[in-house]
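This report refers to the structure that appears directly beneath it.
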2 protein chains.
Amino acid sequence: MPFGNVSERLQQPPDVGVSVVILALGAPENEESRDASGDSKDRTGRLWLPLVRRVRQPFLGDWALPGGGLQCGISLEQAAFAALESTTDMHPRYLEQLYTFGDPKRSSGGLPMVSIVYWALVGSAEIRTCTEGGNVQWFPADELPALAFDHRGIIEYALWRLRNKIEYSTIAARFVGERFTLAQLRSVHEAVLGRSLDPANFRRHILGSGELEDTGTTVIQGRSRPASVYRYRRAETTSSLFSPSVDLAHARADGSRVSQSAMTNAHNKGVS
Amino acid sequence: MPFGNVSERLQQPPDVGVSVVILALGAPENEESRDASGDSKDRTGRLWLPLVRRVRQPFLGDWALPGGGLQCGISLEQAAFAALESTTDMHPRYLEQLYTFGDPKRSSGGLPMVSIVYWALVGSAEIRTCTEGGNVQWFPADELPALAFDHRGIIEYALWRLRNKIEYSTIAARFVGERFTLAQLRSVHEAVLGRSLDPANFRRHILGSGELEDTGTTVIQGRSRPASVYRYRRAETTSSLFSPSVDLAHARADGSRVSQSAMTNAHNKGVS
DNA sequence: GCAAAAGTGTTAAGTGTACACCCATGC
DNA sequence: GCATGGGTGTACACTTAACACTTTTGC
């Protein structure tokens, strides 16, 4: 790592790092903002994300996205994966590149910095096992604290991308378990979109896509009629160059796939 | 710029550069592949792009995307702008970030390399003024030569993105002049999409979007009824963080805007 | 029985597509 | 007049959204 004063550094290429916007429906329960967030229904009905408190200037004390530097020999996806694991101890169930930010003004007086930003989704089950370190804390996506650099805008962009993508892809499955009822899947869509959806039309739309299959079993949720349990069909193996969402199989110790191409869909309209 | 052998370099962060996929309908006429491309209608009916011949290993002699290194003090967009101007002497009429490629395998034996890739559109008028240097040559997008690194896949991705985006945004205007007939605009769509469109439905669709306004003048194209001349409305000034397409005003000597937010459109479905 | 949620059916409105048709010009 | 492309009208298929209705459970 080269050192030098600011004027020397301006002659060189800027630092390049990888950051991750990690999104989940809910947050760990061993966390401080519990008292402010109401009951557990309020938790799982909103999007939450972990942030890291900065321990140096600039933006000392503000909150920032988890991230790390670039290294040779590993891919950008693996770098994002590592940044996610080192801060939250969780495995993402979806990971895709968001955008690369490099405007000199974004560092606000610090040294120039290029950030290759990924966004990740983690399932509700993984959140419970999350160990919360001293400088890592979860926040509701709609009640963010003071953020360092341009990270607030980056998070807004990730949320916008999630809202768009949930309408034409199967990423909602990353928030729930392998088996789920249509009501559970619908509540995910409602939490992300921020509005209620017609259960009848949601059913027809999601089943009509052919992505789901009935497992044959039913579960009783409340004091109502039992609901059929569905799962996503396998063989979403149409991965191609036109689907930059990453296959993390090679990056995971257990070798399980966490991301099938989520968007070779013809309805996809390009990132932005 | 640090030097060292390969094993030393593997300890350090990889090199980071900016590359550009430059697309146009047509190519300069002072160019060698003229004899192979047929008449001028064949030229303007297809997408062309300029490539640079590599003069060093790896991939010596193959063709590659124009690009350059990163510098502090300028934005990524400005770096892409500079790479475009230095190779083709042209001003882009549209410029947007495509994707950042960083897989270690993509260098194929060379040193690890991260490429922040942009894609650009240039108008037909600018192409004629293009000076073609010795190592720069234009190729049809559907007849590419041997390409270095993973640049073929990058170009395919850019073309896929263009085909998607032309259906819900106004980027087709970047290929034509400020004033145009609906037939001219339709021929752009047909060239990009690779299929013919119903003139009546195209008219209704494009006029129904409210983006065009009639200039009141007409032109006679062939031996047919005169066609009304349209232009895009001004005040596409809803630029926001959700529209990463770049405003190049600050990067242009004449100060004219070349890109208004081309996609705060609700139909946008995220990049990929 | 009653409440609540699962699941089905129906209908009106909107959208995309194919194609028939008229209009204005050059020849 | 005739051919050509500009421009309008229209019918049909399909999708979307709203909502009434039936079914199956807990209480």
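Computed over heavy atoms, backbone and side chain alike; hydrogens, waters and symmetry mates excluded. Letters go in sequence order (proteins before strands), and every chain restarts at 1. Just so we're clear, the structure is a prediction, and the values are computed from it rather than from any experiment.
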Expressed as a whole number of angstroms, how long is the span from [X]:[atom1] to [N]:[atom2]?
X	N	atom1	atom2	value
A/L185	C/dA6	CG	C1'	15 Å
A/F202	D/dA18	CZ	C1'	17 Å
B/N201	C/dG16	CG	P	10 Å
B/R186	D/dG7	CZ	P	11 Å
B/H205	D/dG9	NE2	C1'	19 Å
B/R225	C/dC27	CZ	C1'	19 Å
A/R203	D/dA20	CZ	P	19 Å
B/I220	C/dA24	CD1	P	13 Å

Notebook entry, point to check: Do A/E211 and A/R233 sit within salt-bridge range, that is, some charged N less than 4.0 Å from a carboxylate O?
Noted result: no
Margin query: Please pick, from D/dT8, D/dC19, C/dA6, the nucleotide with the shortest atom-to-atom distance to any side-chain atom of A/A200.
Written below: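 Given the options D/dT8, D/dC19, C/dA6, the side chain of A/A200 is closest to D/dC19.
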Next item on the list: For A/P50 and A/I22, work out which heavy atoms get closest and say how close.
Entry: CD-O, 3.3 Å
Next item on the list: Kindly indicate whether the side chain of B/R204 and the base of D/dG9 share any N or O donor-acceptor pair separated by less than 3.5 Å?
Entry: yes
Check: Hey, which of these two, A/R223 or A/D198, hits DNA chain D nearer its 5' end, going by closest nucleotide?
Finding: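 That would be A/D198.
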Note to self: For a ring-ring contact (aromatic ring centres under 6.0 Å, His included) check, start with the C-alpha distance between A/F175 and A/Y94, then their side-chain angles and the critical distance, and finish with the verdict.
What the structure shows: CA-CA 9 Å; A/F175 285 116; A/Y94 183 80; 9.4 Å; no
Next item on the list: Using only side-chain N and O atoms of A/T181, determine if any of them is under 4.0 Å from OP1 or OP2 of C/dA6.
Entry: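 It does not, given that no N or O in the side chain of A/T181 lies less than 4.0 Å from OP1 or OP2 of C/dA6.
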Check: Between B/N201 and B/R204, do the side chains contain an N or O donor and an N or O acceptor separated by less than 3.5 Å?
Finding: yes
Notebook entry, point to check: Across the strands shown, which category fits B/T218 at heavy-atom distances under 4.0 angstrom: base, sugar-phosphate, nothing?
Noted result: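 Nothing: the residue B/T218, judged by heavy atoms under 4.0 Å, touches no strand.
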